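Remarks on the structure that follows.
Index from 1, following the sequence. Because only heavy atoms are used, hydrogens play no part in the values below, and waters and symmetry mates are left out as well, while side chains stay in. It should be emphasised that the depicted structure is a prediction, and the values quoted were computed from it without experimental measurement.
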Amino acid sequence: MPPTYSEVEAKARAAAAAHLPAHPAQAARAAIALAESVLAECAAGPLKDRLAELQCGPGCTPCCHQAVGVTLAELALVADSVAALPGPVQAGVRQRSAALRRVATGLDVAGWWRARLACPLLDGDGTCLVHAARPLPCRAMNSADAGICRRSFAGEADQIPVLAAQHGIMGRAQAGLAQALAAAGLDHRPVALGTGLG
C-alpha cells in the first residue's frame with residue numbers, strides 16, 4: 001500500500017537530510033526520487049487507471065506559463081542541469097530568465113498567468129530543457145484533458161481535471177525537502193523558478 005501524505009513528507013525530509021547541508025542539489029534529487037517512487041507505486045496499484053488518463057506530454061506547455069515556487073535546493077538542481085547544456089543554450093536560458101524577471105516583478109500568481117509568461121527553460125519547440133531535473137511543482141502538474149488546458153490558457157474560465165493525488169505526493173515531498181533545509185540551517189523559503197536562473 002502506498003504511503004500516506006504524512007509519510008511521504010517524512011520520507012522526503014529524511015532522504016533530503018542525508019545530503020545536507022553540503023549538497024542541496026542532491027537533497028532535491030533525493031526528495032524527487034522519493035516522490036517519483038511513490039507515484040510509480042500508485043501507478044501499479046490504486047491510481048493505475050487515473051494516471052493512464054492523463055494527457056500531459058512533450059510540447060504541451062500551458063502549465064509552463066505560471067509562477068512556480070521552488071526551494072533553493074530545487075533551483076540548485078535545475079542550475080546544475082542548465083550548466084550541463086551547450087554554452088549558447090545556457091546563455092539563452094539566462095537571457096530569458098533575466099527578461100522574465102523584468103516583466104514579472106510585482107505580479108502575483110494570477111497576474112503571471114494572465115500575462116502568459118513562459119518558463120525560460122522551454123526551448124523553441126516547447127520542450128523543457130531540463131525535464132529530468134524539473135522541480136516538484138512541475139511534476140505535480142497534470143491534466144486529463146489537454147484541450148481544456150489549451151482553452152484555459154487562451155482565457156476561457158474552465159476547470160482543468162487534475163489528479164489531486166499527484167499534486168499531494170509532490171507537494172508533500174517538497175514540504176519535506178523544505179523542512180530538511182530548515183533543519184540544516186539553510187534558507188527554506190520558496191523562490192520563483194523562472195526568474196532565478198538569470
* Structure fact -> Residues passing the salt bridge (charged side-chain N to carboxylate O under 4.0 Å, His left out) test with D158, sequence neighbours excluded, are R151

* **salt bridge (charged side-chain N to carboxylate O under 4.0 Å, His left out) partners for R102, two or more places apart** => none

* Asked: Who pairs with Q179 by side chain to side chain donor-acceptor pair (under 3.5 Å), at least two apart in sequence or on another chain?
  -> E9, R13

* Is the backbone of A83 close enough, under 3.5 Å, to the side chain of Q90 for a donor and an acceptor to pair up by distance? -> yes

* Same cluster for M141 and L54 if Ile/Leu/Val/Met/Phe/Trp/Tyr side chains link at under 4.5 Å? -> no

* Residues that, via side-chain heavy atoms closer than 4.5 angstrom, fall in one hydrophobic cluster with I148 -> I160, V162

* Structure fact -> Q95 meets the side-chain contact (heavy atoms from CB on, under 4.5 Å) criterion, sequence neighbours left out, with A91

* **Interatomic spacing from CZ in R172 to OG in S6 - rounded to 0.5 Å** => 4.5 Å

* To do: Would you indicate whether H188, at its atom NE2, is surrounded by more than 12 heavy atoms from other residues, nucleotides or ligands within a distance under 6.0 Å?
  => no

* Asked: Looking at H65 and R116, what are the two nearest heavy atoms and their distance?
  -> CD2-O, 3.5 Å

* Structure fact -> Quick note, ring pair (Phe, Tyr, Trp, His ring centres under 6.0 Å) partners involving residues 71-106, not counting sequence neighbours, are none

* Which pair of non-hydrogen atoms, one from T71 and one from Q174, has the smallest distance, and what is that distance? -> N-NE2, 4.0 Å

* Is any side-chain heavy atom of I169 closer than 4.5 Å to a side-chain heavy atom of C42? -> yes

* Structure fact -> Distance col, row L122:CG vs T61:OG1, nearest 0.5 angstrom, shows 6.0 Å

* Asked: Distance-only, no hydrogens or angles: does the S97 side chain make a donor-acceptor pair with backbone N or O of P120 under 3.5 Å?
  -> no

* **Over 12 non-hydrogen atoms of neighbours within 6.0 angstrom of NE2 in H23** => no

* Mind listing the closest non-hydrogen atom pair of P3 and K11 along with its distance? => CB-CE, 4.4 Å

* Nearest atoms (heavy-atom pairs only) where A16 meets A30 -> N-CB, 4.3 Å

* Minimal non-hydrogen separation, R134 against R139, with atom names -> O-NE, 2.7 Å

* To do: State whether the side chain of D108 and the backbone N or O of G106 hold a donor-acceptor pair below 3.5 Å, judged by distance alone.
  => no

* Verify side-chain contact (heavy atoms from CB on, under 4.5 Å) between D187 and L181, making sure each step is shown before the conclusion. => CA-CA 7 Å; D187 192 347; L181 289 166; over 6 Å; no

* **Any M170 side-chain heavy atom under 4.5 Å of C138 side chain** => no

* To do: Find the distance between CG (N142) and SG (C149) and round it off to the nearest 0.5 Å.
  => 9.0 Å

* With no hydrogens and no angle check, is any side-chain donor or acceptor of E36 less than 3.5 Å from a backbone partner on A33? -> no

* Mind checking what makes side-chain contact (heavy atoms from CB on, under 4.5 Å) contact with A146, not counting sequence neighbours? -> Q55, C60, R150

* Hey, what do you get for OG (S152) to CD (Q159), rounding to the nearest 0.5 Å? -> 9.0 Å

* Asked: Who else is in the cluster with L129 when I, L, V, M, F, W and Y are joined by side-chain contacts under 4.5 Å?
  -> V68, V70, L72, L75, V78, V82, L85, V89, V93, L121, V130, V191, L193, L197

* Can you name the residues that form a salt bridge (charged side-chain N to carboxylate O under 4.0 Å, His left out) with R96, not counting sequence neighbours? -> none

* Asked: Looking at residues at least two apart in the chain, or sitting in another chain, which of them share a side-chain contact (heavy atoms from CB on, under 4.5 Å) with A115?
  -> L107, L117

* Which heavy atom in C56 sits nearest to a heavy atom in S143, and how many Å separate them? -> SG-N, 3.3 Å

* Looking at residues at least two apart in the chain, or sitting in another chain, which of them share a salt bridge (charged side-chain N to carboxylate O under 4.0 Å, His left out) with E7? -> none

* ring pair (Phe, Tyr, Trp, His ring centres under 6.0 Å) pairs, two or more places apart, involving residues 83-117 -> W113-F153

* Asked: About how many Å separate CG of L136 and CG of L177, when rounded to the nearest 0.5 Å?
  -> 7.0 Å

* Would you say D125's side chain and T127's backbone share a donor-acceptor pair under 3.5 angstrom? -> no

